[in-house]
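Chain naming here is simple, since letters A, B, ... match the order of the sequence lines and numbering starts at 1 in each. No experiment lies behind these values; they were computed from the predicted model shown.
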Number of protein chains: 2
Amino acid sequence: MFSKACEYAIRALLFVAQKSKDGSKVGIKEIAKGIDSPEHFIAKILQDLSRKGLVLSQKGPSGGFYLDDSTLNISLADVVRTVDGDSIFSGCALGLKQCSETKPCPLHHEFKRIRDDISEMLQTAKLGEFNALLEKNKLFLKR
Amino acid sequence: MFSKACEYAIRALLFVAQKSKDGSKVGIKEIAKGIDSPEHFIAKILQDLSRKGLVLSQKGPSGGFYLDDSTLNISLADVVRTVDGDSIFSGCALGLKQCSETKPCPLHHEFKRIRDDISEMLQTAKLGEFNALLEKNKLFLKR
DNA sequence: AAAGAAAAAGACAAAAAACTCTTTTATTTG
DNA sequence: CAAATAAAAGAGTTTTTTGTCTTTTTCTTT
């Protein structure tokens, strides 16, 4: 569904969101442990997301990654689009380049519905909105 | 969503289904052209599907791939499961190994619905059921 | 100003997926 | 039976994805 990089990205950002609730920052090592991902790999991914403004970062002692009010409101759709491109939002299930209403693949019509559901779900979900449930251990980011 | 191999597999089988409506067989070259896929790659995939009984084949002159009444009734879900395994039917969207009702990832509940929709769609769709529309050029398997 | 901490960057390495080429085996047909 | 045909099998190659390691830059704190 999503690439590994994208799965890690979402989990990492939700982790950072939770941790930066109270304005603190969180380092790569803690993130990697917190979501059970390869440290250097998630570092790369976050660097990328940072360059693109989906997460904030600060170097040096007491530095780390964090989110502010504005970035806490970023949608998972934005994250997915940034990491995986928009194939999941608009691509053909059977890999046709020009699959459309007028030239549909056999799954086109049914899949449109499903793609729209996925889009809506990802568009609706914001980075900050899971904090409470994560805090209460009703939701999990690893294992 | 699906691997390339799986996309080709579905398209190839739908192509074979259409061609074997009248009991004839179709060769690898014609299939590769018909669905616009790399010839040797789809050959491999079909060999695999053939070994597993999802398509029938015959060697030698006037040989080729074909489907009978029984195989025409195979579901796309079976094809997907054979080629890609069942990660799409049961895997976690965020890559957790033990994502479940009792230990859910943040997307678990929403995604369950979507996965079920996909499952149902694939379970319902049978290899033979697109023949008429393919014939009339209302559906396409390439480009 | 110096030391230490932490992200950024860059270069590799390993594994998986996608794709290619060649040889072998089975089957049909003249 | 011989020749031709077509799938099966096997052994690569290339590309992409995933993951690792090392060095550099930036920032903070003392």
5'-most by nearest nucleotide on DNA chain D - A:Glu39 or A:Gly60
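With A:Glu39 and A:Gly60 compared, the 5'-side residue is A:Glu39.
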
Residue whose nearest DNA chain D nucleotide is more 5′ - B:Ser62 or B:Lys44:
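Counting from the 5' end, the first nearest nucleotide belongs to B:Ser62.
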
I'd like to know if B:Glu39 and B:Lys33 make a salt bridge, using a cut-off of under 4.0 Å between side-chain N and carboxylate O.
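Salt bridge flag = no for B:Lys33 with B:Glu39.
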
Ion pair present between A:Asp48 and A:Lys52, side-chain N to carboxylate O less than 4.0 angstrom?
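Here A:Asp48 pairs with A:Lys52 in a salt bridge, since their nearest N and O are under 4.0 Å apart.
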
May I have the distance from [X] (atom [atom1]) to [N] (atom [atom2]), rounded to whole angstrom?
| X | N | atom1 | atom2 | value |
| --- | --- | --- | --- | --- |
| A:Asp48 | C:dG10 | CG | P | 12 Å |
| B:Glu30 | D:dA6 | CD | P | 11 Å |
| A:His40 | C:dA11 | NE2 | C1' | 13 Å |
| B:Lys59 | C:dT29 | NZ | C1' | 18 Å |
| B:Ile45 | C:dT20 | CD1 | P | 11 Å |
| B:Ile31 | D:dA8 | CD1 | C1' | 14 Å |
| B:Lys4 | C:dT20 | NZ | P | 13 Å |
| B:Phe41 | D:dA7 | CZ | P | 18 Å |

Are A:Asp68 and A:Thr71 close enough, and set up right, to give a side-chain hydrogen bond (donor to acceptor under 3.5 Å, both in side chains), and what steps lead you there?
CA-CA 5 Å; A:Asp68 61 11; A:Thr71 44; 2.7 Å; yes

When you measure from the side-chain N and O atoms of [X] to the phosphate of [N], is any distance below 4.0 Å, counting only OP1 and OP2?
| X | N | result |
| --- | --- | --- |
| A:Ser50 | C:dA7 | no |
| A:Arg51 | C:dA7 | no |
| B:Gln58 | D:dA7 | no |
| B:Tyr8 | C:dC19 | yes |

Donor-acceptor under 3.5 Å (B:Ser24 side chain, B:Lys19 main chain):
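Pair found, side chain donor or acceptor close to backbone of B:Lys19.
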
A:Glu129 (side chain) donor-acceptor with A:Lys126 (main chain) under 3.5 angstrom:
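Indeed, once roles are kept as given, a pair shorter than 3.5 Å links the two residues.
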
Choose from D:dA8, C:dA9, C:dA8 the nucleotide whose nearest atom is closest to any side-chain atom of A:Phe65.
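Among the listed nucleotides, the one closest to the side chain of A:Phe65 is C:dA8.
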
Consider the side chain of A:Pro61, meaning its heavy atoms from C-beta on, and name the nucleotide among D:dG19, C:dA5, D:dT18 that approaches it most closely.
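Nearest listed nucleotide: C:dA5.
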
Hey, does A:Ile28 reach any base, or is it just sugar-phosphate, or nothing, if we go heavy atoms under 4.0 Å?
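Sugar-phosphate, no base atom in range.
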
Determine the contact category for B:Val26: base if any of its heavy atoms lies under 4.0 Å from a base atom, sugar-phosphate if only primed atoms, P, OP1 or OP2 are that close, otherwise nothing.
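Sugar-phosphate contact only.
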
